[in-house]
Structures are given as C-alpha cells and as structure tokens.
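One structure is given below, encoded as structure tokens.
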Amino acid sequence: MKNKRVQLNRSFYTRDTIIVAKELLGKYIVRKIGKKTLAGKIIETEAYIGPKDKASHAYNGKITPRNKVEYLAGGYIYIYLVYGMYWQLNVVTAGAGKPECALIRAMDLGRLTDGPGKVCRYLKLNKSFYGEDLTESKRIWLENPAPEQARCGASRGENGARSKIIATKRIGIDYAGHYWSRRKWRFVLKT
DNA sequence: GTACAGATTGAG
DNA sequence: TCAATCTGTACT
C-alpha cells in the first residue's frame, strides 16, 4: 500500500474555491514526461473568484477563447501566457458555469519553482495543456502526499496538522483596485 | 487592420 | 527600479 496513488478526483475540485485553494497546499503535482516523472509539493496558491472578482479574467462574466475553460466544472487546467513569456498554471474550481480557479504559484523545490512562471517552466507546461482534465490525464495530475513523502518532507501534508496556512494579499493585481487587491486570497504553506 | 496592457521574472 | 516579449482584447 505504500505506493498507493491517490489521483484527486472531481469532487475535490468542485467545491468552494477558497477551500480548494487552501487544500491544494501540501498536495503533490505529478508530471510524466516520457519515462521521467517530476513531482513537487504545492506550497503557494491564489484564488480567483468568478464574475465578481475584478482581478479575475472572468470578471463581469466575460467569456473569451482564453478563459472559457474556467466555466467548466472543477478539475481542468486553465493555462495562459502573461507578459508574453510566462505560463500560468491554474486549476479550475467550483461547479460548471462558475468561472473560478486557483493559481498554482509555487512548489517546494527551492528556487526552481518559487514563482508561477517557474512552476510551468519546471513542469514543461504550455498551451497543449489547456483544458487538460486533471482527473483523467496520464501526463499530469494531483495526488495526496504518500505517507513516505509526508514523513521525509517538512510538512505533514494536508489537514494542516503540522503545517500552517498563511493568507496574504494576492500578487501583481493592483490594477484591480484596492478592494480586490486587498482580499487575502493568496495562501502560503508555512512549515 | 492597429494599439496596448498584463495573475512575472531576473538583472541592475 | 525596469526591460524583456507576445497574446488576447478592444478599438478603427
């Protein structure tokens, strides 16, 4: 049982976005590239809440070819390019028709993955992952920490028994105005 | 068709 | 502090 794989299923993602964003902390992203497997623990996320969040791409119910995947049920990948050079990995959350998502900002691999652009560079993600189903995909998915990993790592994994979750302001969205940029929807796992 | 801002990063 | 770099979006 010790290598039991727990690919997170749909019901994990189709809940309240704030809850999913918090519970993503401590989960492992597993990425298969040919015969290689990359994996890392999520230590930082941000929540973007549908039409009402001015910082969200779906603010005011906007639907574009870029963000339409946000309107699917939770568990799909929303990936897009910012500043012309950096991919941003988001996990769609909540139910179908609710354009909410959680941005994966960092993983526990030191400076290799300490920013959202770096996470995607490390995992070799690009537009071909747009709309990828994390509950079905054979090349990328999320897992609960294996007991072995939880023991080795600094964190106790989910449930926050040993780890603390810090909520802070989101990054880089000052254009959305004070109200939204002040929401503490960025979650960091402190170990 | 053109113009321009942006959920970042890394160098200075 | 600031440039790199280019897609999506909003305009004409």
- [ ] Check A:Leu89 against A:Ile29 and note the closest heavy-atom contact, atom names and distance.
- [x] CD2-CD1, 4.2 Å
Task: Salt bridge present between A:Lys98 and A:Asp16 (N-O < 4.0 angstrom) - done: no
- [ ] State whether a side-chain donor-acceptor pair under 3.5 Å links A:Thr37 with A:Lys32.
- [x] yes
Open item on the list: Using a strict heavy-atom distance below 4.0 Å, which residues from residues 44-57 of chain A are in contact with DNA chain C?
Closed with: none
Open item on the list: Would you compute the distance between atom SG of A:Cys101 and atom CD1 of A:Ile77 and round it to the nearest 0.5 angstrom?
Closed with: 12.0 Å
Task: Heavy-atom check, side chain of A:Leu24 versus side chain of A:Ile104, under 4.5 Å - done: yes
Task: Donor-acceptor under 3.5 Å (A:Arg105 side chain, A:Glu46 main chain) - done: no
- [ ] Pick out which of A:Arg183, A:Arg170, A:Glu100 makes a side-chain contact (heavy atoms from CB on, under 4.5 Å) with A:Tyr48.
- [x] A:Arg170
Task: Footprint string (nucleotides 1-11 of chain C, 5' to 3'): B base within contact, S backbone only, - free, heavy atoms under 4.0 Å - done: ---BBBSSS--
- [ ] Determine whether A:Trp141 and A:Glu132 make a side-chain contact, defined as any pair of heavy atoms from C-beta on separated by less than 4.5 Å.
- [x] no
- [ ] List the atom of A:Ala47, the atom of A:Ala21, and the distance in Å for their closest heavy-atom pair.
- [x] CB-CB, 4.1 Å
TODO: Name the first nucleotide and the last nucleotide along DNA chain B (5' to 3') that come under 4.0 Å of a heavy atom in chain A.
DONE: B:dG6 to B:dG10
- [ ] Measure the OH-CD distance between A:Tyr13 and A:Glu23 for me, rounded to the nearest 0.5 Å.
- [x] 11.5 Å
Open item on the list: Heavy atoms only, 4.0 Å cut-off, all strands: where does A:Arg186 land among base, sugar-phosphate and nothing?
Closed with: nothing
Task: By ring-ring contact (aromatic ring centres under 6.0 Å, His included) - contacts of A:Tyr80 (at least two apart) - done: A:His57, A:Tyr78
TODO: Could you run through DNA chain C and flag its stems, i.e. three or more consecutive Watson-Crick or G-U pairs with both distances under 3.5 Å?
DONE: B:1-6 with C:6-11, B:8-11 with C:1-4
Open item on the list: Using a strict heavy-atom distance below 4.0 Å, which residues from residues 97-105 of chain A are in contact with DNA chain C?
Closed with: none
